[in-house]
Protein chains: 2
Amino acid sequence: MSYSIKEIADMMGVTTATLRYYDKEGLLPNVKRVNGIRVFEDKDFKWLRVLNCLKNTNMPIKEIKRYVELSKEGDKTLQERYDLILKQEKRILEDIRQFNHYLKEIEFKKTYYREAIRAGSEEAVKDWPSSYPSLDLDKIPSSKKGK
Amino acid sequence: MSYSIKEIADMMGVTTATLRYYDKEGLLPNVKRVNGIRVFEDKDFKWLRVLNCLKNTNMPIKEIKRYVELSKEGDKTLQERYDLILKQEKRILEDIRQFNHYLKEIEFKKTYYREAIRAGSEEAVKDWPSSYPSLDLDKIPSSKKGK
DNA sequence: ATAAAAGTTAAAGTTAACTTTAAGTCAAGC
DNA sequence: GCTTGACTTAAAGTTAACTTTAACTTTTAT
């Protein structure tokens with residue numbers, strides 16, 4: 001099967017301009033052309049799914065480009081590509097770890113606001129967060145007097 | 001306790017320039033000044049920890065600023081602040097969900113490369129990923145002939 | 001055969017989140 | 001009292017990742 005740039009763009013949820021930008025940056029290796037017009041094939045689509053994975057887990061475009069270049073150089077770069085993938089795995093694991101931590105803080109704030117809304121004021125739940133020492137959060141003075 | 005901008009910067013792992021930028025953008029409400037010089041207090045430090053949480057979970061600075069402004073307006077904005085926090089919780093949950101998904105793809109690639117390295121070539125593991133249908137990844141032609 | 005839709009490029013513009021620079025003010029040690 | 005180092009501001013510069021524009025070509029539909 002082969003696809004136009006617009007079809008691929010729709011499948012990936014990006015614009016054609018973005019795909020052309022990726023191509024220019026060397027992120028789309030060996031895309032076929034007919035009369036100068038890009039013709040995407042299944043292998044391109046498969047690669048785009050990997051690209052999407054790397055992009056959405058915050059691998060910088062420069063690093064993705066490096067990965068593409070290594071792939072083009074064949075088997076002698078297998079180890080280096082493996083290392084890049086390992087590095088990316090670490091990034092993702094660390095991000096998940098951090099997000100889970102911050103999620104707890106946010107959930108605490110959720111409870112805090114629910115209580116405050118129930119009570120009608122923040123003042124009423126002022127010294128309530130004491131049960132969660134690291135998080136008696138943002139009691140900003142609210143500029144009660146003086147600006 | 002009170003702290004200089006440098007002390008706070010070190011505690012937060014950012015530069016003083018970044019803190020001044022945040023202040024200029026209205027992200028640091030009511031920071032005390034002595035002779036024009038910022039003096040951070042414990043309440044500021046506590047807020048900075050929340051700011052850090054929101055920032056590191058990709059809340060845009062504009063939205064954080066909105067949150068700060070709502071906080072200054074007092075109890076009548078409790079519901080709106082709660083809604084912002086809820087929205088942020090959803091963002092985090094969705095990000096964790098996605099990251100876990102992509103983590104699986106990356107782990108698959110890790111295994112793929114380990115096998116290829118063991119075998120000495122990608123060709124040797126060419127039709128191996130069939131066990132993982134959505135992921136028989138990036139077999140880029142490697143420009144074997146013709147560029 | 002022609003008009004509209006979809007493709008192309010190079011280059012300039014945008015946005016977010018900082019960072020750097022320049023020019024100056026304030027506090028501490030000698 | 002003067003130099004050194006930390007503080008200040010406003011404004012310009014940077015970087016990543018696109019997006020938009022302008023001018024042009026190719027494909028598709030009538």
Side-chain angles (χ1 to χ4, degrees), chain A residues 2-28 30-41 44-45 47-48 50-69 84 87-88 91 95 98 102, chain B residues 2-28 30-41 44-45 47-48 50-69 84 87-88 91 95 98 102:
Chain A
S2 58
Y3 316 87
S4 72
I5 194 169
K6 180 67 169 109
E7 286 171 328
I8 290 285
D10 289 346
M11 292 193 269
M12 306 301 295
V14 299
T15 68
T16 58
T18 302
L19 285 180
R20 291 197 192 97
Y21 163 70
Y22 289 162
D23 198 6
K24 195 176 59 182
E25 292 298 297
L27 264 49
L28 308 183
N30 308 318
V31 172
K32 192 172 131 191
R33 300 259 185 157
V34 174
N35 280 336
I37 286 171
R38 292 176 186 82
V39 177
F40 290 79
E41 318 207 306
D44 301 309
F45 184 57
W47 160 242
L48 276 164
V50 179
L51 174 61
N52 215 38
C53 168
L54 300 178
K55 242 175 34 69
N56 291 339
T57 53
N58 305 316
M59 185 184 280
I61 278 185
K62 273 194 180 174
E63 201 169 319
I64 300 179
K65 184 180 182 165
R66 172 90 181 124
Y67 181 74
V68 167
E69 273 155 14
L84 273 183
K87 181 171 158 194
Q88 188 61 9
R91 236 194 294 249
D95 281 1
Q98 276 219 14
Y102 288 129
Chain B
S2 59
Y3 315 87
S4 73
I5 194 170
K6 180 66 170 109
E7 285 172 327
I8 290 285
D10 289 346
M11 292 192 269
M12 305 302 295
V14 299
T15 67
T16 58
T18 302
L19 284 181
R20 290 196 193 97
Y21 163 69
Y22 289 163
D23 198 7
K24 195 176 59 184
E25 293 298 297
L27 264 49
L28 308 183
N30 309 320
V31 172
K32 192 173 132 191
R33 301 261 185 155
V34 174
N35 279 337
I37 287 171
R38 292 176 187 82
V39 176
F40 290 78
E41 318 207 305
D44 301 308
F45 183 57
W47 160 242
L48 276 165
V50 178
L51 174 61
N52 215 37
C53 168
L54 300 178
K55 241 174 35 70
N56 291 339
T57 52
N58 304 317
M59 185 184 280
I61 278 185
K62 273 194 181 174
E63 200 169 320
I64 301 180
K65 184 180 182 167
R66 172 90 182 124
Y67 181 73
V68 167
E69 273 155 14
L84 273 183
K87 181 171 157 193
Q88 188 61 8
R91 235 195 294 249
D95 281 1
Q98 277 218 13
Y102 289 129

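No experiment lies behind these values; they were computed from the predicted model shown. Chain letters run A, B, ... following the sequence lines, proteins first, then strands; residues in each count from 1.
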Set of residues satisfying salt bridge (Lys or Arg N to Asp or Glu O under 4.0 Å) with respect to A:R91, sequence neighbours excluded: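 Salt bridge (Lys or Arg N to Asp or Glu O under 4.0 Å) check on A:R91 returns A:E63.
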Residue list, side chain to side chain donor-acceptor pair (under 3.5 Å) with A:Y21, at least two apart or on another chain: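 A:Y21 satisfies side chain to side chain donor-acceptor pair (under 3.5 Å) with no other residue.
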5' priority, DNA chain C, between B:A17 and B:M59 [closest heavy atom]: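 Mapping each residue to its closest nucleotide by heavy atoms, the 5'-most match is B:M59.
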[X] [atom1] to [N] [atom2]: how many Å, rounded?
X: A:L54; N: D:dA17; atom1: CG; atom2: C1'; value: 16 Å
X: B:N52; N: C:dC18; atom1: CG; atom2: P; value: 10 Å
X: B:L27; N: C:dC18; atom1: CG; atom2: C1'; value: 13 Å
X: A:K55; N: D:dA17; atom1: NZ; atom2: P; value: 9 Å

Flag, side chain of B:Q88 to backbone of B:T57, donor-acceptor distance under 3.5 Å: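 Side chain of B:Q88 to backbone of B:T57, a donor-acceptor pair under 3.5 Å: yes, one is there.
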Polar side-chain atom of A:D44 near backbone of A:E41 as donor-acceptor pair, under 3.5 Å: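 Yes; at least one donor-acceptor contact below 3.5 Å.
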Heavy-atom pair of closest approach, residues A:V31 and A:V39: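 Heavy-atom minimum between the residues: CG1-O, 3.9 Å.
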Under 4.0 Å protein heavy-atom contact, by nucleotide of nucleotides 5-16 of chain D - B base, S sugar-phosphate only: --SBB------S
side-chain N/O A:T15 vs D:dC18 OP1/OP2, d < 4.0 Å: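 Negative; the distance criterion is not met.
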Phosphate-side-chain proximity, A:N35 and D:dT27, N/O vs OP1/OP2 below 4.0 Å: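 Checking D:dT27 against A:N35, a side-chain N or O does come within under 4.0 Å of OP1 or OP2.
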Plane angle bin for A:F45 and A:Y3 - parallel if under 30°, tilted between 30 and 60°, otherwise perpendicular: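 The rings of A:Y3 and A:F45 sit tilted, inter-plane angle from 30° to 60°.
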